[in-house]
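Read through the structure below, which is laid out as structure tokens, and then see the notes.
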Amino acid sequence: MMTSLEGKSIIITGASFGIGQAIAVHLAPYKPKLVLAARNVTGLEVTRLECEKLGLSANNILTVQCDVSKDDNLQNLVDTTIKSFGSIYGLVNNAGYSTKGNIEETDMKDYDGIMRVNLRAPFYLSKLCLPHLKDSKGCVINMSSVVSKKGFLELVPYSLSKAALDHFTHLLAAEIGPFGVRVNSVNPGHIPTEIFPKIGFSEERIAEMESAVQTTTPLRRLGQTEDVAKLVKFLLSDEASYITGETILVDGGMINPVFS
Ligand SMILES: NC(=O)c1ccc[n+]([C@@H]2O[C@H](COP(=O)([O-])OP(=O)(O)OC[C@H]3O[C@@H](n4cnc5c(N)ncnc54)[C@H](O)[C@@H]3O)[C@@H](O)[C@H]2O)c1
């Protein structure tokens with residue numbers, strides 16, 4: 001069956017692990033042309049193999065080593081995509097990270113690094129992709145978080161970066177909507193990936209956070225990377241043809257504004 005994503009060129013940043021990898025794997029059966037970008041080449045190869053196992057042919061998968069904090073890497077990502085596939089339909093700004101800390105604890109180098117990867121990179125990469133997105137009447141998905149809506153004191157710069165990213169979604173949607181390009185944000189709740197140990201949370205703290213989610217979130221379970229990937233696929237497809245400028249929670253109801 002022909003799907004609306006077949007043959008469409010889609011860039012996913014941070015595609016070597018976690019949610020980015022799950023998005024690539026979930027999209028593979030719909031036969032797009034995937035551009036998998038990340039710093040870790042080994043992780044990218046794992047993602048590539050998983051996509052091939054699901055029937056996406058090797059010539060429809062491009063892996064590009066890319067540190068999104070480096071402008072020349074972002075330019076190279078766009079140039080390589082155009083050289084190989086000739087167009088850009090989708091841009092999934094997924095790469096992101098955090099360090100742990102409230103305002104008093106935050107080192108300003110970490111603040112700058114988080115803003116650079118979580119906010120400046122989606123801004124600059126979207127800007128570089130704009131002419132191609134206009135040509136293809138494509139779409140952008142920004143990977144935000146529930147903490148954009150309800151800040152987390154243990155992740156202050158991260159919460160701020162995601163709040164600003166949501167506003168970037170609104171502004172970009174307004175700017176390029178007239179060209180037929182849609183821009184939306186996906187805001188996950190707690191999805192167990194390597195991000196939590198990488199942030200520096202102890203095993204005990206992670207277990208505590210997971211238990212809180214499982215006992216208080218309306219759906220009473222943790223999210224899975226596939227829960228997020230399914231929403232990304234929907235937003236990229238024609239099924240979402242009249243949806244733009246939205247920040248959509250995929251959090252099991254975690255920040256549902258009801259006293260429990
Ligand atoms: N896991 C969650 O609970 C959760 C919740 C809300 C939002 N998110 C967001 O989802 C996205 C993916 O997170 P994840 O949970 O899969 O984490 P992860 O650490 O498993 O994956 C993050 C990905 O981003 C990449 N990345 C980080 N810095 C990069 C850089 N400078 N250049 C290129 N790639 C870089 C990593 O290499 C990795 O591929 C992030 O934007 C994160 O903020 C995650």
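Start at 1 and go down the list; that is how both ligands and their atoms are numbered. All residue numbers refer to positions in the sequence shown, counting from 1.
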>> Please verify the inter-ring angle class for Phe201 with Phe196; under 30° counts as parallel, over 60° as perpendicular, anything in between as tilted.
In response: tilted
> Nearest non-hydrogen atom to atom 27 (C) of ligand 1 belongs to which of Arg39, Gln21, Gln65?
Replying inline: Arg39
>> Please list, in number order, the atoms of ligand 1 under 4.0 Å from a heavy atom of Ser145.
In response: 6 (C), 7 (C)
>> Tell me if a side-chain donor or acceptor on Asn102 pairs with a main-chain N or O of Glu104 at a distance below 3.5 Å.
In response: yes
>> Using a 4.0 Å cut-off to any heavy atom of Val117, which atoms of ligand 1 qualify?
In response: 28 (N), 31 (N)
> Heavy-atom contact under 4.0 Å between Asn40 and ligand 1?
Replying inline: no
> Which of the atoms of ligand 1 are close to Lys162, meaning less than 4.0 Å from one of its heavy atoms?
Replying inline: 41 (O), 42 (C), 43 (O)
> For ligand 1, which atoms have a heavy atom of His190 less than 4.0 angstrom away?
Replying inline: 3 (O)
>> Quick one, Leu91 with Ser126, criterion side-chain contact (heavy atoms from CB on, under 4.5 Å). Give me CA distance, side-chain angles, the key distance, then yes/no.
In response: CA-CA 7 Å; Leu91 168 62; Ser126 302; 3.7 Å; yes
>> Does the plane of the ring in Tyr30 sit parallel, tilted or perpendicular to the ring in His26? Use 30° and 60° as the thresholds.
In response: tilted
>> With a heavy-atom distance limit of 4.0 Å, tell me whether Thr193 approaches ligand 1 through its side chain, its backbone, both, or neither.
In response: side chain
> Looking only at distance, does Gly20 have an N or O less than 3.5 Å from an N or O of ligand 1?
Replying inline: no
>> Walk me through whether Asn40 and Ser16 qualify under side chain to side chain donor-acceptor pair (under 3.5 Å).
In response: CA-CA 6 Å; Asn40 186 309; Ser16 51; 5.5 Å; no
>> What protein heavy atom lies closest to atom 34 (N) of ligand 1? Include the residue and the distance to one decimal.
In response: Ala95 CB, 3.6 Å
>> With a 4.0 Å cut-off on N to O distance, would you call Asp110 and Lys100 a salt bridge?
In response: no
> Who's the nearest protein heavy-atom neighbour of atom 10 (O) of ligand 1, and how far?
Replying inline: Met143 CG, 3.3 Å
>> For atom 5 (C) of ligand 1, what's the nearest protein heavy-atom neighbour? Residue, atom name and distance, please.
In response: Gly189 O, 3.1 Å
> Any idea which part of Ser144 is under 4.0 Å from ligand 1, heavy-atom wise: side chain, backbone, both or neither?
Replying inline: backbone
> Quick one: nearest non-hydrogen protein atom to atom 25 (C) of ligand 1, plus distance?
Replying inline: Gly14 CA, 3.7 Å
>> Out of all atoms in ligand 1, which are within 4.0 Å of some heavy atom of Gly18? Include the element for each.
In response: 16 (O), 20 (O)
>> Against ligand 1, does Gly223 come closer than 4.0 Å with any heavy atom?
In response: no
> Considering only heavy atoms, does Cys66 approach ligand 1 within less than 4.0 Å through its side chain, its backbone, both, or neither?
Replying inline: backbone
>> Considering Ile191, Leu74, Val147, Ile114 one by one, which has a heavy atom nearer to atom 2 (C) of ligand 1 than any of the others?
In response: Ile191
> Hey, are Asp251 and Lys150 close enough for a salt bridge, meaning a charged N less than 4.0 Å from a carboxylate O?
Replying inline: no
> For atom 13 (O) of ligand 1, which protein heavy atom lies nearest, and how many Å away is it?
Replying inline: Ile195 CD1, 4.0 Å
>> Less than 3.5 Å apart, any donor N or O on the side chain of Ser144 or Asp166 sitting next to an acceptor on the other?
In response: yes
> Can Asn73 and Val68 be said to form a side-chain contact (heavy atoms from CB on, under 4.5 Å), step by step?
Replying inline: CA-CA 7 Å; Asn73 283 208; Val68 300; over 6 Å; no
> When you look for heavy atoms under 4.0 Å from ligand 1, do you find them on the side chain of Asp67, its backbone, both, or neither?
Replying inline: both
> Numbering the atoms of ligand 1 from 1, which are under 4.0 Å from a heavy atom of Ile19?
Replying inline: 10 (O), 15 (O), 16 (O), 44 (C)
>> Could you identify the single nearest non-hydrogen protein atom to atom 39 (O) of ligand 1 and state the distance to 0.1 Å?
In response: Ser16 OG, 3.0 Å
> Is a side-chain N or O of Gln214 found less than 3.5 angstrom from the main chain of Arg220, in a donor-acceptor match?
Replying inline: no
> Does NZ in Lys230 sit with more than 12 non-hydrogen atoms of other residues, nucleotides or ligands closer than 6.0 Å?
Replying inline: no
>> How far is atom 8 (N) of ligand 1 from the closest protein heavy atom, and which atom is that?
In response: Tyr158 OH, 3.5 Å
>> What protein heavy atom lies closest to atom 21 (O) of ligand 1? Include the residue and the distance to one decimal.
In response: Lys198 NZ, 4.1 Å
> For the ring pair Tyr158 and Phe152, is the centre-to-centre distance below 6.0 Å?
Replying inline: no
>> Taking only non-hydrogen atoms of Asn94, do any sit less than 4.0 angstrom from ligand 1?
In response: yes
>> Is the terminal nitrogen or CZ of Lys198 (NZ for Lys, CZ for Arg) located under 6.0 angstrom from the six-membered ring centre of Tyr97 and within 45° of that ring's axis?
In response: no
> Taking Asn60 as the fixed residue, which of Glu6, Lys31, Lys33 is the one that meets the side-chain contact (heavy atoms from CB on, under 4.5 Å) rule?
Replying inline: Lys33
